[in-house]
Amino acid sequence: MDDYQKVADLVKEKGYVVAFTGAGISVDSGIPAFRGGQGLWEKYDPMEYAHIRAFSNNPEKVWVMLREMSQVILDSSPSPAHLALSELQRKGYLKAVITQNVDGLHHIAGNSNVIEYHGNHRWLICMSCSKRTPLSPEIVSVQPYPRCEKCNSALKPDVVFFGEGIPMLEVIRANDEANKCKVMFIIGTSGVVYPAAEIPYTSKSNGATIVEINPENTPFTSSISDYFFKGTASDVLPKILEKL
Ligand code: APR
Ligand code: ZN
């Protein structure tokens, strides 16, 4: 029996599946990952462009990178892997998605219990009055950077910058799901950013079976992954669903 069938049987037997996703699941949606090859952090130093101090000191400079990222996100749509996770929820197996991604594509693909650990770039938030504004090509084009229509302060994407904490509600929800899950899919993440990368270890320590999908090995692969599919999410996930 091949591993696709083994994992499908495991999903049917165990029933409570949680997906932990990273930028790799959105590569097939046209959104480059952050690390490796053409990663965003090869072009923009994250400490200069994705740290909250850098944004507060020079929003105009950081919006150069944010404008590029916003356009890519606005142009993106769910990959076959996003759609496979939505199907896995419809079949009653997938109970939650914990994502590090800020592209909002799990929601658009139809998943409902999505924990956006690093926030959502499709909303902008005011640095002073916290008023939220939906992302749009019009607001992104405002020079030198988008401002709040209420108090005229700088707007930033409602995402967690380096140097910021994870929203407490997301931490609580993610820990709850990590403790409850019986099977965790780790999909398209390099597993190097904490505290997010702690989540699969929590599931493993609670007895979950870990199924990892990534073209490359990661720190999870040799430590906690029970199944490792060396490949892309859009290729591997639909093959597992075919066996359900
Ligand atoms: N399918 C599955 N995995 C893929 C694919 C693909 N098509 N293409 C690339 N990958 C893998 C890469 O091998 C890599 O392990 O996806 C991973 C992407 O890693 P990163 O770019 O580091 O993204 P991620 O792990 O999500 O980063 C975590 O870091 O910069 C911060 O806040 C940002 O949420 C992000 C966090
Ligand atoms: Zn404001």
Side-chain angles (χ1 to χ4, degrees), residues 19-52 59 65-66 69 73 76 78-82 84-85 97-106 115-121 124-133 139 145-166 170 174 185-200 211-221 225 228-240:
F20 176 69
T21 67
I25 198 171
S26 297
V27 162
D28 290 345
S29 296
I31 303 175
F34 294 98
R35 298 170 184 85
Q38 309 303 316
L40 195 68
W41 299 153
E42 315 295 324
K43 184 173 178 185
Y44 295 105
D45 175 350
M47 289 306 116
E48 254 193 80
Y49 284 91
H51 196 287
I52 189 60
M65 181 272 285
L66 292 175
M69 197 162 166
I73 286 175
S76 71
S79 70
H82 290 105
L85 288 184
V97 178
I98 305 169
T99 187
Q100 301 169 89
N101 300 339
V102 297
D103 53 38
L105 290 175
H106 286 301
I115 299 162
E116 295 180 313
Y117 211 70
H118 292 158
N120 188 321
H121 193 117
L124 304 181
I125 189 165
C126 174
M127 291 289 279
S128 302
C129 73
S130 300
K131 181 175 180 326
R132 283 161 55 91
T133 310
I139 200 152
Y145 50 82
R147 290 178 176 275
C148 174
E149 61 185 15
K150 212 166 110 195
C151 73
N152 206 36
S153 301
L155 293 180
K156 84 176 209 20
D158 194 9
V159 302
V160 178
F161 276 54
F162 288 109
E164 288 190 295
I166 307 296
E170 305 312 295
F185 281 75
I186 303 177
I187 307 167
T189 179
S190 58
V192 297
V193 172
Y194 282 81
E198 195 60 51
I199 292 167
V211 179
E212 185 179 11
I213 302 170
N214 197 317
E216 312 285 337
N217 287 31
T218 71
F220 300 123
T221 313
S225 295
F228 178 61
F229 293 93
K230 198 169 184 64
T232 68
S234 291
D235 180 48
V236 171
L237 270 173
K239 283 184 183 148
I240 295 173

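Ligands are counted one by one from 1 in listed order, and the atoms in each one are counted from 1 as well.
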The protein heavy atom nearest to atom 12 (C) of ligand 1 is Asn214 OD1, 3.6 Å
Exercise. Are Ser190 and Phe34 side-chain neighbours, meaning at least one heavy-atom pair lies under 4.5 Å?
Worked result: no
Exercise for review: Evaluate side-chain contact (heavy atoms from CB on, under 4.5 Å) for Asp158 paired with Asn120, printing each intermediate quantity in order.
Suggested key: CA-CA 6 Å; Asp158 194 9; Asn120 188 321; 5.6 Å; no
**Report entry** Within-cut-off N or O pair, Ala23 and ligand 1, under 3.5 Å
**Finding:** yes
For the Zn ion (ligand 2), angle spanned by Cys126 SG and Cys151 SG (nearest 10°) is 100°
The protein heavy atom nearest to atom 18 (C) of ligand 1 is Gly188 O, 3.8 Å
Filtering Asp235, Val193, Leu237 for the heavy atom nearest atom 36 (C) of ligand 1 leaves Val193
Original post:
Where do Glu212 and Thr218 land on the side-chain contact (heavy atoms from CB on, under 4.5 Å) test, with the steps shown first?
Top reply: CA-CA 9 Å; Glu212 185 179 11; Thr218 71; 2.5 Å; yes
shortest atom 6 (C) of ligand 1-to-protein heavy-atom contact is with Gly24 O, 3.2 Å
To the nearest 0.5 Å, atom CD1 of Ile213 lies from atom CD1 of Ile25 at 8.0 Å
Pro215 heavy atoms within 4.0 Å reach ligand 1 at atoms 2 (C), 3 (N), 4 (C), 5 (C), 10 (N)
Val27 N/O to ligand 1 N/O under 3.5 Å:
no
Distance col, row Ser29:OG vs His82:NE2, nearest 0.5 angstrom, shows 4.5 Å
### Query
Does Glu164 pair with Lys156 as a salt bridge, N-O distance under 4.0 Å?
yes
Short version for Phe20: what comes under 4.0 Å of ligand 1, heavy atoms counted, is neither
Taken to the nearest 0.5 Å, the spacing of Trp41 CH2 from Tyr49 OH works out to 11.0 Å
Counting heavy atoms under 4.0 Å, the part of Thr189 that contacts ligand 1 is both
Ranked by distance from atom 1 (N) of ligand 1, the top protein heavy atom is Ala233 N, 3.0 Å
To the nearest 0.5 Å, atom CG of Leu155 lies from atom CG of Leu66 at 11.0 Å
To atom 19 (O) of ligand 1, the nearest of Ser190, Ala50, Pro46, Ser29 on a heavy-atom basis is Ser190
- Answer yes or no for Tyr117: is there a heavy-atom contact with ligand 1 below 4.0 Å? no
Atom 35 (C) of ligand 1: closest protein heavy atom, distance to 0.1 Å, is Phe34 CE1, 3.7 Å
Next item on the list: Kindly say whether Met47 contributes a backbone atom to a donor-acceptor pair with the side chain of Asp45 at under 3.5 angstrom?
Entry: yes
Open item on the list: Under a 3.5 Å threshold, yes or no: a donor from one side chain and an acceptor from the other, between Asp28 and Ser79?
Closed with: no
Among Glu212, Lys230, Arg35, Gln100, closest by heavy atom to atom 29 (O) of ligand 1 is Arg35
May I ask whether Gly39 places a heavy atom under 4.0 Å from ligand 1? no
Short version for His118: what comes under 4.0 Å of ligand 1, heavy atoms counted, is side chain
Taking only non-hydrogen atoms of Phe162 and a 4.0 Å limit, the atoms of ligand 1 in range are 30 (O), 31 (C)
Kindly determine whether Cys148 and Met127 satisfy side-chain contact (heavy atoms from CB on, under 4.5 Å), including the steps that lead there.
CA-CA 9 Å; Cys148 174; Met127 291 289 279; over 6 Å; no
Numbered in order shown, the ligand 1 atoms found under 4.0 Å of a heavy atom of Glu216 are 13 (O)
re atom 30 (O) of ligand 1, the protein heavy-atom contact at minimum distance is Trp41 NE1, 2.8 Å
I'd like to know if the side chain of Gln100 pairs up with that of Thr189 as donor and acceptor (distance under 3.5 Å, no hydrogens or angles considered). yes
Here the atoms of ligand 1 under 4.0 Å from any heavy atom belonging to Gly22 are 26 (O)
d(Phe185 CZ, Phe229 CZ) to nearest 0.5 Å is 7.5 Å
